[in-house]
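Quick note on labels: first sequence line is chain A, next is B, and so on, each numbered from 1. Nothing here was measured: the structure is a model prediction, and the numbers come from that model.
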Amino acid sequence: MTMVTRTVRWIMRQHWTFIAGLLSGTIVALLLITAPVMSLHDPVAQDLSMRLQGPGGDHWLGNDQLGRDLWARLLYGGRFSVVVAALTLVLSVTIGTLIGAWCGRVGGAIDEFVMRVVDVLISFPEIIVALFLIAIIGPGFGTLVLALTLVGWTPFARLARGIALDISARDYIVAAEVLGCTRTFILLRHVIPNALRPISAMTFLRFGHKLITVGALSYLGLGIQPPDSDWGAMLADARQFAVRQPLLVFAPGIAIMVTALSVTLMGQGLEIDADRSRRLRTGES
Amino acid sequence: MSSAARPLVEARNLVKHFPLRGSGRLAVRSVDGVTLTIGRAEVLGLVGESGCGKSTLARLLINQIRPDRGEVIMDGRDLLAMRQGELRRFRRTVQLIFQNPLAALDPRMRLIDSLMAPLAAHDTGTREECLEMIHAMLGEVGIDPGLVERYPGQCSGGQLQRIVIARALLLRPQFVVCDEPTSSLDASIRAQILNLLNDLRRRFDLSLLMISHDLRALRHICDRVAVMYLGRIVEMAPVEEIFQSPRHPYTRALNAASLLDEIGLDAAGRLVQGEPPSPVHPPPGCHFHPRCPLADETCRRQVPALERIAENHEVSCHHWRTSTS
Amino acid sequence: MISPDETPCLKVENLDISIGDTIAVARGINLEIRRGETVALVGESGSGKTVTALSLIDLLPPPLRVTRGTVSICGQKITDATPDVLNRIRGNRVGMIFQQPSSMLDPSCRVGRQVGEALRLHKRASRGEAFERAIELLREVGIPEAGRRARSFAHQLSGGMAQRVMIAAALSGDPDLLIADEPTTALDVTVQAQILGLLERERKQRTLSILLITHDLSIVSAMADRVVVMYAGSIVEEGPVAAIMQAPQHPYTKALIDCSLMRKAGGGDLESIPGTIPSPAQSIPGCRFHPRCPHALARREGSVCASDEPTATRTAEGHLVHCWAAEP
């Protein structure tokens, strides 16, 4: 109970961007989770008599070029896009933070080597790496996640390393060393918890970027394979019919935008909060 | 086994230079040949201005950083020859108390967790036994046990410094370095902490190294005082001699600076000129000569040796006889 | 001689400063500084001495604000003054120096230009004139090779030099009042006497009034003519320096002097004050010091100290004590 009230109070104290992002993000998440209940139709059921129909009746957003219900496709398609983006992010953050924080603590040749690897990886656009992997392994869910994680961990490693270096110079780390705490303990109990706030802010900010990359890959036909679909693939399919039924393009486009924006807003709110608490701690005004 | 007469800490010819990045051979000559001893249950004061190397010296003594040259013998054992496992056990016997207690505690950990961590790191009994030890120690430092459920940001500086002291003493160290333990505290709290340290060192038979830039803070608690200037010790003597009959002109200047109310601005201003030079380019000869009212040609060319002028009183000045007046 | 009816250089009446509307950080501050006089405002952290100083030239950072009272400098009211008037007073009438000199100087600007800035703004000097005058000022505050130093940047200066530059900048507008907020706290002890000596010399030469804000009582007796002691947002005692230092009347002043000068109590311990300094958010009825006060009156059950705020008692000429136990 106290946990809940404390969380609520914490949320109320945040910047308005965080609250706005949280609200719209929650709505999107709820819609995607309850897709089977929220959509009256099967997303893959074709009804050619309803081809390119506008909104009306129980087809709230109308039908696509094969007469499938657009609203249902939007909800089910979003599941794929969001899950891929979220999963790659979680993997990237975990791997990146651990490697980065560890490098920052040990320093020396290992640190130097890993950071050069990061430099090389970071200079490849994600899409190029993904295209390369898809060419080798073939398209699919696993390939997409692997490809996006392969490059995705690097910015987190860089950030975590910077924070670890900064934290290492603090007195409480010196204290822990003098008190005889082990390196693993210092890394897990002191360095990473203190790095979490800026890292989580960056995670949120990167989410939108991931979502768009997933969309772009699917748009190129390298993501999910038919008959399943996601927002990127829906955009690609709708391309030829954009003039006759603009909603087919707008709906997935707006869905990507709203989802990316709401998570980014949350991230921005978190960043403002992190900055505020850092200033409070260090006593700047 | 070491003999009882042997001092607890012996440092010989410690040297630590920090190279400046991207400047070739230039280095900050932080500690430049320091030899000193600290006896069992003795309190040695170390006084000097910022940048004189006193904190570096302290960290060399507790093996937090390694010297370029020289050796540190603790309880008869060579600190620098210790291996990893041995070193971690050694950590228990040597502790550090910081200038700013707020910075010395993890802001994201409750105080009780900060107190628990070192005990857990050294496998000191069960959680219940540890809690019992912590509560006993909180009593020693005068902290209400209820306070430790809080986070550092919710306590005052004086309370936090008591917690930091408790955390250091939980491991039952023999030697504690206090790096300006009171300079971030207000006057009324500073006196409480100094009294506490004085009390604890008697009860726990501690050897202390008390670092300060304020001689007055050292008078109450120290047995001996070492005065440091630009990486070297310039005078070392029992505390009352430092106050009553300082021989080095720099000691006299520090003395006057901490007793401004008794000595007055003009007199204090006359004892020393200018500002401490950079430890990257220390002046030749006696480091203090550009600021010294007694300096002459010898001082500019020749480094004065640390000379024993009386029992327990060492000074490094060409003119120590003149400066007595 | 200073005549008593001469307009004081600084006059503060019944000043209250709060965070927002609720938390009072300074209350009922009365302060007067005459021409050529040095007044030390003494207190520990949380005493409100720095916010009081900032309020004098309307520099309180929000959400801090003045909720009551007036501040006048050389007879001119600061509270409610327009931004134009304020700007003319800052720099022209009042100079200010701070604890961290190096962080108060713009790192990207040569120090000579910064010192000359006030001249360009207030005295409408040309760039060249301002620079020449800045070099003169730097020489006056004891900077060797002032001409060369004027062309250097803030990070190339030592702490003591940077504070001298700050003093030169504060003096450039030829002010009547200099507010010095812990001017030597961040400096090395051996440099402290030099900087204080410089302030003292400038005071004599320019008949400057100085408000010296400090927590260090050993510099107070070396510098000040009068002392004002603050505790937890209120003035507890004020008077001539000799009276305060030798015969303090308020139990807090007494204890603070003993603590600061590290005098010993019985049993070999240093004098100390039990307890901690209250935060401004803590509401303490009566005298703010009574929970820590050693005086018998404050220790008595149901004492007036715990219920009513003490009024000022005049114990000698110019010596005011805010304590229920004080006798006139």
Side-chain angles (χ1 to χ4, degrees), chain B residues 47-52 142 155-159 182-196 198-199 202 212-221 229 250 253-278 288 291, chain C residues 42-47 142 144 157-161 164 184-201 215-223 231 241 245 252 255-265 267-279 292:
Chain B
V47 70
E49 291 170 280
S50 59
C52 75
C155 301
S156 73
Q159 289 167 333
T182 57
S183 63
S184 73
L185 303 174
D186 279 301
S188 68
I189 310 299
R190 184 175 59 194
Q192 290 176 8
I193 297 292
L194 284 174
N195 285 337
L196 176 70
N198 208 9
D199 184 42
R202 288 209 189 87
S212 180
H213 63 272
D214 183 5
L215 261 178
R216 207 197 288 253
L218 294 178
R219 188 170 197 169
H220 172 60
I221 191 168
Y229 189 75
Y250 180 61
L254 278 182
N255 223 328
S258 66
L259 299 173
L260 271 186
D261 50 318
E262 290 165 26
I263 287 167
L265 285 182
D266 290 347
R270 267 197 301 278
L271 285 171
V272 59
Q273 302 141 11
E275 293 187 50
S278 144
F288 188 58
R291 306 179 66 195
Chain C
V42 176
E44 296 178 278
S45 58
S47 63
L157 302 174
S158 64
M161 282 301 155
R164 285 177 197 267
T184 57
T185 308
L187 303 180
D188 277 322
V189 282
T190 53
V191 181
Q192 176 171 306
Q194 303 170 22
I195 296 294
L196 293 175
L198 168 67
L199 286 178
E200 187 62 12
R201 207 164 57 238
H215 67 277
D216 183 354
L217 278 154
S218 64
I219 71 175
V220 166
S221 36
M223 286 283 290
Y231 179 76
V241 66
M245 296 303 287
Y252 174 67
L256 182 66
I257 293 174
D258 288 343
C259 286
S260 302
L261 306 184
M262 307 230 178
R263 293 189 178 140
K264 291 211 177 177
D269 269 359
L270 294 173
E271 283 284 359
S272 66
I273 309 178
T276 53
I277 299 161
S279 86
R292 303 175 75 190

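To the nearest 0.5 Å, atoms CD1 (B/Ile189) and CD1 (C/Ile277) are separated by 5.0 Å. Here CD1 of B/Ile221 is found 8.5 Å from CG of C/Leu270. Values are rounded to the nearest 0.5 Å. To the nearest 0.5 Å, atoms CG (B/Leu196) and OG (C/Ser272) are separated by 10.5 Å.
Heavy atoms of B/Ser156 lying under 4.5 Å from chain C belong exclusively to its side chain. Both the backbone and the side chain of B/Arg216 come within contact range of chain C, judged by heavy atoms closer than 4.5 Å. Contact annotation for C/Leu187: neither backbone nor side-chain heavy atoms come within less than 4.5 Å of a heavy atom of chain B. Looking at B/Glu262, neither its backbone nor its side chain comes within 4.5 Å of chain C, counting heavy atoms on both sides. At a 4.5 Å heavy-atom cutoff, C/Met245 makes no contact with chain B through either its backbone or its side chain. Neither the backbone nor the side chain of B/Arg219 comes within contact range of chain C, judged by heavy atoms closer than 4.5 Å. Heavy atoms closer than 4.5 Å to chain B are found in both the backbone and the side chain of C/Ser218. Contacts of B/Ala256 with chain C are absent, with no heavy-atom separation under 4.5 Å from either backbone or side chain.
With sequence neighbours excluded, the residues satisfying side-chain contact (heavy atoms from CB on, under 4.5 Å) with B/Ala253 are B/Leu271, B/Val272, C/Thr190.
B/Asp186 contributes a side-chain N or O that, together with a main-chain N or O of C/Ser45, makes up a donor-acceptor pair within less than 3.5 Å. Panel note: side chain B/Glu275, backbone C/Met161; a donor-acceptor pair is recorded below 3.5 Å.
A side-chain donor from one of B/Ser188 and C/Glu44 sits under 3.5 Å from a side-chain acceptor of the other.
Annotation: maximal heavy-atom pairing with chain B below 4.5 Å, among C/Gly46, C/Gly275, C/Ser279, occurs at C/Gly275. The candidate with the highest count of non-hydrogen atom pairs below 4.5 Å against chain C, out of B/Ala268, B/Ser258, B/Gly264, B/Ala217, is B/Ala217.
Residue B/Gln273 comes nearest to C/Gln194 through the heavy atom pair C-NE2, 3.7 Å, listed as atom of the first residue, atom of the second, then distance. When all heavy atoms of B/Pro276 and C/Val191 are compared, the closest pair comes out as CD-CG2, 4.2 Å.
For the pair C/Val189 and B/Leu254, the minimum side-chain heavy-atom distance is below 4.5 Å.
Tested against B/Leu260 for a side-chain contact (heavy atoms from CB on, under 4.5 Å), the candidates C/Leu217, C/Thr184, C/Leu196 yield a single pass: C/Leu196.
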